[in-house]
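Note that the coordinates shown come from a computational prediction; the quantities given were computed from them, not determined experimentally.
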Amino acid sequence: MPEGLIVKALSGYYYVKPDAAAEDDTVQCRGRGILKKQGVTPLVGDHVIFTHTENGEGILEQLQPRTTALIRPPVANAELAVLLFSVKEPDLNLQLLDKFLVHIEHAGLKVLICLTKEDLLQEDNDEKENALTTQVEQMYKEIGYDVIVTSSVSGLGTEDIKKKLQNKISVFSGQSGVGKSSLLNAIVPELALETGIISMKLGRGKHTTRHVELISLGNGGYVADTPGFSQLDFLELGVEELSSCFPEFVAYEEQCKFRGCSHLHEPGCRVRQALEENKIMQSRYEHYVQFHEEMKEKKRRY
């Protein structure tokens, strides 16, 4: 039986690209009843075994084991999350960036932080904003994250991004209106994806993606261009797991006086000591405290 990759799911149909097929060839498939009985829902990104039917469509017979499975956006086997945040229009929002990073760490994906619209800094020639972008880039690199500064207009960083995406399934996410579609168009010009119009009043763009779909980059890589992660909450994350989603905390918390230290008020907390010694970013710790409170509040409500 042929094998393939689900590249789109829409209205109860799964569009499968057979492993041996040409780049654009897909087979429209339905899921077999046994999958429903097993409580298994096929996801975009699933590797599947399927059979052809007489009408030229197909039936999904079996899902191959997954390496990862995201709930929102619903994508299987993603390895890399590309978080796009603009340096301007809208302004860089570090609290939202840290929130995304917590969710991605919890999901177990690798992270690439992509700072977009660098050309706007060059237009305004604002030394303060240029310095802030460089500072943010360095801070997150020191934590251990990959950071690439890009411009869809000048092409800055687009080849670096494309290399990072090669031979893997990636999820593009981030603040609305930061140029996700523009960057994908810059990486693969023939895509000609619809781009949203930025609302200067709201500081965010219209969503231009309507369903989860894998976009082939022509180098063995696929990107899920999806409105996914746009609504972030902490319902699936336990408050005791939060600190483990801040990689720079992990080395210090092993030395805390109390096991299960919340890093908020306990004596002998090595994380707070590292903060005082400027070994942990002030903004990162402040966001940790905010997220901790938000999670406790949600727990009380639910």
Hey, are [X] and [Y] close enough for a salt bridge, meaning a charged N less than 4.0 Å from a carboxylate O?
{"X": "Lys164", "Y": "Glu79", "value": "no"}
{"X": "Arg66", "Y": "Asp46", "value": "yes"}
{"X": "Arg284", "Y": "Glu248", "value": "yes"}
{"X": "Lys163", "Y": "Glu159", "value": "no"}

What do the steps show when you test Leu5 against Ile169 for side-chain contact (heavy atoms from CB on, under 4.5 Å), and what is the final call?
CA-CA 11 Å; Leu5 175 72; Ile169 294 175; 4.1 Å; yes
Per side-chain contact (heavy atoms from CB on, under 4.5 Å), Val136 is matched among Val87, Ile113, Leu94 by Leu94
Could you tell me if the ring centre of Tyr14 sits under 6.0 Å from that of Phe50?
no
Using side-chain hydrogen bond (donor to acceptor under 3.5 Å, both in side chains) as the criterion, point out the one residue from Ser262, Ser244, Ser243 that pairs with Glu253.
Ser243
Quick one: does NZ or CZ of Lys180 land under 6.0 Å from the six-membered ring centre of Phe172, within 45 degrees of the ring axis?
no
Taking the six-membered ring of Tyr285 as reference, does the NZ or CZ atom of Arg272 fall below 6.0 Å from its centre and within a 45° cone about the axis?
no
At their closest point, which heavy atom of [X] faces which heavy atom of [Y], and how far apart are they?
{"X": "Gly31", "Y": "Leu60", "result": "CA-CB, 4.1 Å"}
{"X": "Gln255", "Y": "Ala251", "result": "NE2-O, 3.3 Å"}
{"X": "Leu237", "Y": "Cys245", "result": "CD1-SG, 4.2 Å"}
{"X": "Cys261", "Y": "Glu266", "result": "SG-OE1, 3.6 Å"}
{"X": "Leu43", "Y": "Ala69", "result": "CD1-CB, 4.4 Å"}
{"X": "Phe100", "Y": "Ser173", "result": "CE2-CB, 4.0 Å"}

When rounded to the nearest 0.5 angstrom, what is the spacing between [atom1] in [X] and [atom2] in [Y]?
{"X": "Lys99", "Y": "Asn93", "atom1": "NZ", "atom2": "CG", "value": "10.0 Å"}
{"X": "Met295", "Y": "Leu242", "atom1": "CE", "atom2": "CG", "value": "5.0 Å"}
{"X": "Leu63", "Y": "Ile49", "atom1": "CG", "atom2": "CD1", "value": "9.5 Å"}
{"X": "Tyr15", "Y": "Leu10", "atom1": "OH", "atom2": "CG", "value": "5.5 Å"}
{"X": "Ile104", "Y": "Leu80", "atom1": "CD1", "atom2": "CG", "value": "9.0 Å"}
{"X": "Leu217", "Y": "Gln166", "atom1": "CG", "atom2": "CD", "value": "9.5 Å"}

Same cluster or not: are [X] and [Y] linked, directly or through other Ile, Leu, Val, Met, Phe, Trp or Tyr residues, by side-chain heavy atoms under 4.5 angstrom apart?
{"X": "Val102", "Y": "Val239", "value": "yes"}
{"X": "Val153", "Y": "Ile148", "value": "no"}
{"X": "Tyr145", "Y": "Leu92", "value": "yes"}
{"X": "Val147", "Y": "Leu120", "value": "no"}
{"X": "Val250", "Y": "Ile280", "value": "no"}

So, [X] side chain and [Y] main chain: donor-acceptor pair closer than 3.5 Å or not?
{"X": "Glu142", "Y": "Met139", "answer": "no"}
{"X": "His287", "Y": "Ser283", "answer": "yes"}
{"X": "Asn77", "Y": "Gly45", "answer": "yes"}
{"X": "Lys117", "Y": "Glu89", "answer": "yes"}
{"X": "Ser151", "Y": "Glu118", "answer": "no"}
{"X": "Thr26", "Y": "Lys17", "answer": "no"}

Glu294 and Gln290: side-chain hydrogen bond (donor to acceptor under 3.5 Å, both in side chains), yes or no, with the steps?
CA-CA 6 Å; Glu294 188 178 328; Gln290 290 171 20; over 6 Å; no
Are side-chain heavy atoms of [X] and [Y] found at a separation under 4.5 Å?
{"X": "Leu70", "Y": "Leu109", "value": "yes"}
{"X": "His263", "Y": "Cys256", "value": "yes"}
{"X": "Glu293", "Y": "Lys296", "value": "yes"}
{"X": "Ile161", "Y": "Cys114", "value": "yes"}
{"X": "Pro18", "Y": "Pro2", "value": "no"}
{"X": "Asn130", "Y": "Gln122", "value": "yes"}
{"X": "Val44", "Y": "Glu213", "value": "no"}
{"X": "Leu115", "Y": "Thr133", "value": "yes"}

I would like to know whether Asp146 and Val111 meet side-chain contact (heavy atoms from CB on, under 4.5 Å); could you show each step before the answer?
CA-CA 7 Å; Asp146 276 344; Val111 179; over 6 Å; no
Over 60° means perpendicular and under 30° means parallel, so classify the ring planes of Tyr288 and Phe249, tilted if in between.
perpendicular
For atom NZ of Lys162, decide whether the heavy atoms of other residues, nucleotides or ligands shown that lie under 6.0 angstrom number more than 12.
yes
Checking Phe85 against Leu96 for the side-chain contact (heavy atoms from CB on, under 4.5 Å) test, could you report, in this order, the C-alpha distance in whole Å, the side-chain angles of both residues, the deciding distance, and whether it holds?
CA-CA 9 Å; Phe85 278 74; Leu96 189 59; 3.9 Å; yes
Pair Val16-Val7, side-chain contact (heavy atoms from CB on, under 4.5 Å): steps then yes or no:
CA-CA 6 Å; Val16 176; Val7 294; over 6 Å; no
List the steps and the verdict of side-chain hydrogen bond (donor to acceptor under 3.5 Å, both in side chains) for Asp98 and Tyr140.
CA-CA 10 Å; Asp98 285 341; Tyr140 283 90; 2.8 Å; yes
